[in-house]
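First up is the structure itself, then whatever we jot down about it.
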Protein chains: 2
Amino acid sequence: MSRSRVTIKDVAKLAEVSIATVSNVINGTGRVSLDTQRKVEQAIGELDFAPSASARNLKDKKSSLIAVIVPLLEKGRLQDNPFYWHLVRGIEESARDEKLHVILVGIGPDESFSFIREQHLDGLIFVGAFEDTEVVESVLRLNVPCVFMDSLIDNSDFYQVSLDDELGGYIGTKHLLSLGHERIVLLTGLLKKDGVNYCRWQGYRRALEEAGVPYRPELVYEEPTSSLGGYRAASRIGAKGGGVTAVFALSDMVAIGLIKGLHDLGIQVPRDMSIVGFDDDERARYCIPALTTVRQDIVQKGRTAVRLLTAQIERDHSVERQVTLGVELVPRQSTAPLAARVKD
Amino acid sequence: MSRSRVTIKDVAKLAEVSIATVSNVINGTGRVSLDTQRKVEQAIGELDFAPSASARNLKDKKSSLIAVIVPLLEKGRLQDNPFYWHLVRGIEESARDEKLHVILVGIGPDESFSFIREQHLDGLIFVGAFEDTEVVESVLRLNVPCVFMDSLIDNSDFYQVSLDDELGGYIGTKHLLSLGHERIVLLTGLLKKDGVNYCRWQGYRRALEEAGVPYRPELVYEEPTSSLGGYRAASRIGAKGGGVTAVFALSDMVAIGLIKGLHDLGIQVPRDMSIVGFDDDERARYCIPALTTVRQDIVQKGRTAVRLLTAQIERDHSVERQVTLGVELVPRQSTAPLAARVKD
DNA sequence: ATTACTTAGTTAAATGGTTGACCAATGAAG
DNA sequence: CTTCATTGGTCAACCATTTAACTAAGTAAT
């Protein structure tokens with residue numbers, strides 16, 4: 001009794017009406033008397049019928065599916081910053097409210113977009129900077145609603161949601177400067193043009209300049225964004241002679257590895273070294289010492305992306321194309337005045 | 001020039017063949033001469049054609065989509081343990097290898113399965129224990145390949161991937177016992193029958209029993225699984241008079257909150273209190289002190305789930321239905337012999 | 001009584017592919 | 001010269017739905 005899927009036809013037969021009527025009942029379209037409506041609903045219930053999305057999609061040229069597109073790391077591996085979970089979470093939650101579903105797609109540099117083109121996706125959210133302009137172009141050819149996140153493409157036609165990264169870099173640096181630090185290492189991930197790190201780096205420079213502190217390129221460490229990267233950077237940073245008294249890590253994940261690394265070297269935070277992170281994920285709050293960091297609301301970022309997407313889907317042109325979310329310095333225990341150091 | 005989607009017909013026309021031939025070229029089916037093949041491929045390239053997944057799905061009654069189904073917290077919110085990211089990551093990576101795509105679905109208690117039933121999903125991965133047996137039953141009616149993860153349903157017909165949670169509870173507890181601790185708090189999430197915590201709790205009891213240490217129900221704290229939950233538990237645990245010298249937290253996330261809470265109370269880990277976590281996520285390694293924990297390979301768990309799913313999809317009955325992954329104690333700095341405490 | 005409008009429903013085309021059945025042409029074997 | 005197989009390709013049915021166009025019947029207006 002491998003009964004195949006119940007179709008609208010079966011329902012029609014049982015309810016003794018045409019399939020068009022069943023369709024009308026389901027969608028609340030057309031004209032149906034209350035009587036037939038009930039008959040049909042009864043039949044649907046009895047047969048436990050669910051309309052086929054494929055058939056409907058084919059007709060409507062849509063799918064109620066949106067894709068979150070994340071660039072892959074090497075070897076087809078997805079980004080491993082668990083921070084992404086919060087992003088995806090925000091997206092899924094908002095999408096669910098809009099009766100959309102989220103499909104997660106990792107995409108590599110060589111990978112083709114075939115999948116994305118074959119599905120009739122209702123929308124695309126690109127996360128992060130795609131170096132390949134080719135990617136962007138082939139996407140635009142698809143004529144599908146898109147939102148670019150954290151990818152600072154200079155084109156006001158694009159829907160984009162980003163963070164005020166420059167300001168984030170600025171306030172984090174300024175905080176350290178105001179505590180008297182001057183030799184501040186910037187521990188950043190890849191400084192891709194149009195990427196978030198690049199902007200934060202600019203904020204860092206602006207703060208230095210404003211404070212009259214010379215910018216030293218040798219204090220900018222470009223490391224992979226991982227806790228291990230932070231951990232490893234500790235020895236370079238902690239080395240005598242550098243005179244470094246503070247570090248601004250552009251990810252909490254990195255900052256946490258760094259603190260651990262310094263700790264293992266016997267360098268105390270914040271007594272010997274002040275640390276500022278970026279993101280304010282949960283780890284920052286529960287870290288010892290609690291991490292001073294530049295907060296962004298990543299869940300909100302995801303929600304905003306969905307909002308920009310649905311605006312496009314519904315052709316609501318009243319919605320702004322570019323949203324820049326704010327940042328906020330969250331002072332905690334990982335930073336201290338330089339003076340404290342002099343005392344010891 | 002809002003050119004509508006290019007279809008197989010357009011390609012056929014351009015290549016001067018029938019649509020059947022185009023389809024054959026695309027799928028490598030039927031018989032096509034090298035010459036026509038080239039002609040068709042040329043046309044496909046020229047028109048930038050991508051076959052419609054909806055149409056294909058309709059015919060094939062499949063979608064190349066699998067769903068990861070996660071039970072929602074209150075108010076439609078997704079689980080917020082970033083640990084889920086690694087799970088999803090493992091699933092996505094493996095699915096990609098199998099040319100499947102992953103759709104993330106949060107499902108609430110009242111929520112209907114309509115979406116899941118409407119899409120012709122190729123497979124379903126259920127994460128966590130669903131209390132509702134109704135859910136499970138309605139899933140089975142769908143006749144779709146399913147894998148249950150961390151949901152210890154006692155039915156050997158089901159494909160399940162789980163962890164040796166009982167052993168995890170056992171080795172974590174045993175580790176503390178072997179260090180001389182006897183009053184060991186078990187800091188657990190909800191103790192749902194068939195849930196992972198329940199099994200770990202059993203392992204905890206077995207270890208106590210084996211060591212001849214009486215089981216005290218008042219040492220089992222059932223708290224929400226969050227860092228904040230752990231943080232808050234600190235004051236109860238640290239209270240004088242209890243004589244508690246060690247805590248086994250069934251999630252690193254909770255353990256980290258706990259350590260912070262204890263730290264804020266001036267209780268030092270491991271000198272005053274030994275802590276064991278569970279999961280071994282990255283936070284455990286970079287926490288101060290580094291967290292002794294029971295390791296599970298969550299990415300592997302995700303990969304295994306996909307393997308069990310594809311086995312079902314491909315009707316490969318040689319694959320085992322139940323996979324139980326191993327656990328491993330990772331001793332770090334958050335645990336110390338009880339003797340150390342006596343000394344101070 | 002004719003016309004016109006509603007109401008409730010049906011019919012059939014269309015969506016974009018896949019696929020088994022069929023066919024024509026060629027060559028080989030008997 | 002038939003018979004048969006092989007090659008290369010076409011035809012048309014089918015998948016499950018939506019929807020525009022149509023019909024049939026009843027009612028209201030002229």
Side-chain angles (χ1 to χ4, degrees), chain A residues 2-41 43-44 47-65 114-115 117-122 142, chain B residues 2-41 43-44 47-65 114-115 117-122 142:
Chain A
S2 75
R3 51 190 192 71
S4 73
R5 186 184 250 275
V6 175
T7 77
I8 201 172
K9 265 185 198 153
D10 304 316
V11 176
K13 201 174 297 172
L14 181 59
E16 299 177 298
V17 295
S18 73
I19 60 166
T21 300
V22 177
S23 176
N24 281 329
V25 169
I26 293 169
N27 301 299
T29 54
R31 333 182 138 283
V32 186
S33 73
L34 215 63
D35 239 34
T36 11
Q37 189 179 324
R38 266 202 271 275
K39 252 193 336 192
V40 170
E41 275 162 358
I44 289 177
L47 295 173
D48 198 21
F49 166 74
S52 152
S54 306
R56 189 177 277 171
N57 294 344
L58 176 58
K59 192 98 228 299
D60 298 352
K61 297 168 189 303
K62 64 182 202 72
S63 63
S64 300
L65 252 36
S114 61
F115 166 77
R117 300 183 45 221
E118 290 173 12
Q119 303 279 340
H120 294 273
L121 296 175
D122 288 0
L142 300 182
Chain B
S2 76
R3 51 188 191 68
S4 72
R5 183 185 254 276
V6 175
T7 76
I8 199 171
K9 265 182 199 156
D10 304 318
V11 177
K13 202 175 297 171
L14 183 60
E16 300 177 299
V17 295
S18 72
I19 60 167
T21 299
V22 177
S23 175
N24 282 329
V25 169
I26 294 168
N27 301 299
T29 54
R31 332 183 134 286
V32 186
S33 73
L34 215 62
D35 239 33
T36 13
Q37 188 178 324
R38 266 201 271 274
K39 254 195 331 197
V40 170
E41 274 161 359
I44 289 177
L47 296 173
D48 198 20
F49 166 73
S52 151
S54 305
R56 191 178 274 172
N57 293 344
L58 178 57
K59 189 99 230 294
D60 298 353
K61 297 169 187 304
K62 64 183 202 73
S63 62
S64 300
L65 251 39
S114 60
F115 165 75
R117 299 182 47 221
E118 289 172 12
Q119 303 279 341
H120 295 272
L121 296 175
D122 289 0
L142 299 180

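Computed from a prediction, not measured in an experiment: that's the story for all the values here. Every chain is numbered from 1 and lettered A, B, ... according to where its sequence line falls, protein lines coming before strand lines.
Toward the 5′ end of DNA chain D lies the nearest nucleotide of B:Glu16, the other residue of the pair B:Glu16 and B:His120 mapping further downstream. Nearest-nucleotide positions on DNA chain C for A:Ser18 and B:Arg56 put A:Ser18 closer to the 5' end.
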Could you run down the sub-3.5 Å N/O contacts of the protein with nucleotides 6-8 of chain C?
none

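Distance, A:Lys62 NZ to D:dT18 C1': 12 Å, rounded to whole Å. Whole-Å rounding puts the B:Gln37 CD to D:dT7 C1' distance at 15 Å. Residue A:Asp10 contributes atom CG, which lies 9 Å from atom P of D:dA16 at whole-angstrom precision. Whole-Å rounding puts the A:Ile19 CD1 to C:dT15 C1' distance at 14 Å. If you measure from atom CD of A:Gln119 to atom P of C:dT15, you get 20 Å, rounded to the nearest angstrom. Distance, A:Lys9 NZ to D:dC15 P: 6 Å, rounded to whole Å. Summarising the geometry, the separation between CD1 on A:Ile8 and C1' on D:dA16 is reported as 8 Å, rounded to the nearest angstrom. Put simply, NZ on B:Lys39 is 11 Å from C1' on D:dG9, counting in whole angstrom units.
To the nearest 0.5 Å, atom CD of residue B:Gln119 and atom OG of residue A:Ser63 are 7.5 Å apart. Remark: B:Lys39 NZ to B:Leu14 CG distance equals 10.0 Å, nearest 0.5 Å. Of the inter-residue distances, the one linking A:Ser52 atom OG with B:Lys61 atom NZ reads 8.0 Å to the nearest 0.5 angstrom. The structure places CD1 of A:Ile26 at 4.5 Å from CD1 of A:Ile44, a figure rounded to the nearest 0.5 Å. The structure places CZ of A:Phe49 at 8.0 Å from CZ of A:Arg5, a figure rounded to the nearest 0.5 Å.
At the heavy-atom level, A:Thr7 lies under 4.0 Å from the strands shown only through sugar-phosphate atoms. Using a 4.0 Å heavy-atom criterion, one finds that B:Asn57 contacts no nucleic acid atom at all. As judged by a 4.0 angstrom heavy-atom cut-off over every strand, B:Ser52 is placed among residues touching the sugar-phosphate backbone only. No engagement by B:Ile26 is indicated, since no non-hydrogen atom pair under 4.0 Å with the nucleic acid exists.
Considering B:Val17, B:Thr36, B:Val32 in turn, B:Val32 is the only one that fulfils the side-chain contact (heavy atoms from CB on, under 4.5 Å) rule with B:Asn24.
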Reading nucleotides 20-27 of chain D from 5' to 3' and marking B where a protein heavy atom lies under 4.0 Å of the base, S where only the sugar-phosphate is that close, and - otherwise, the string is --------
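The shortest side-chain heavy-atom distance between B:Arg56 and B:Asn27 falls under the 4.5 Å cut-off. For the pair B:Leu65 and A:Leu65, the minimum side-chain heavy-atom distance is below 4.5 Å. Looking at heavy atoms from C-beta onward, B:His120 lies out of side-chain contact with B:Asp60 at the 4.5 angstrom threshold. Between B:Thr7 and B:Asp10, some side-chain heavy-atom pair lies under the 4.5 Å cut-off.
The phosphate of C:dT18 has OP1 or OP2 within less than 4.0 Å of a side-chain N or O from B:Ser23. Distances shorter than 4.0 Å separate none of the side-chain N or O atoms of A:Lys61 from OP1 or OP2 on D:dT18.
Closest contact between the side chain of A:Ala55 and the listed nucleotides C:dG16, D:dA16, C:dT19 involves D:dA16. Comparing D:dC15, C:dG17, C:dA14 by their nearest atom to the side chain of A:Lys59 picks out C:dA14. In this structure, the nucleotide among C:dG17, C:dT18, C:dT10 sitting nearest to the side chain of A:Val17 is C:dT10.
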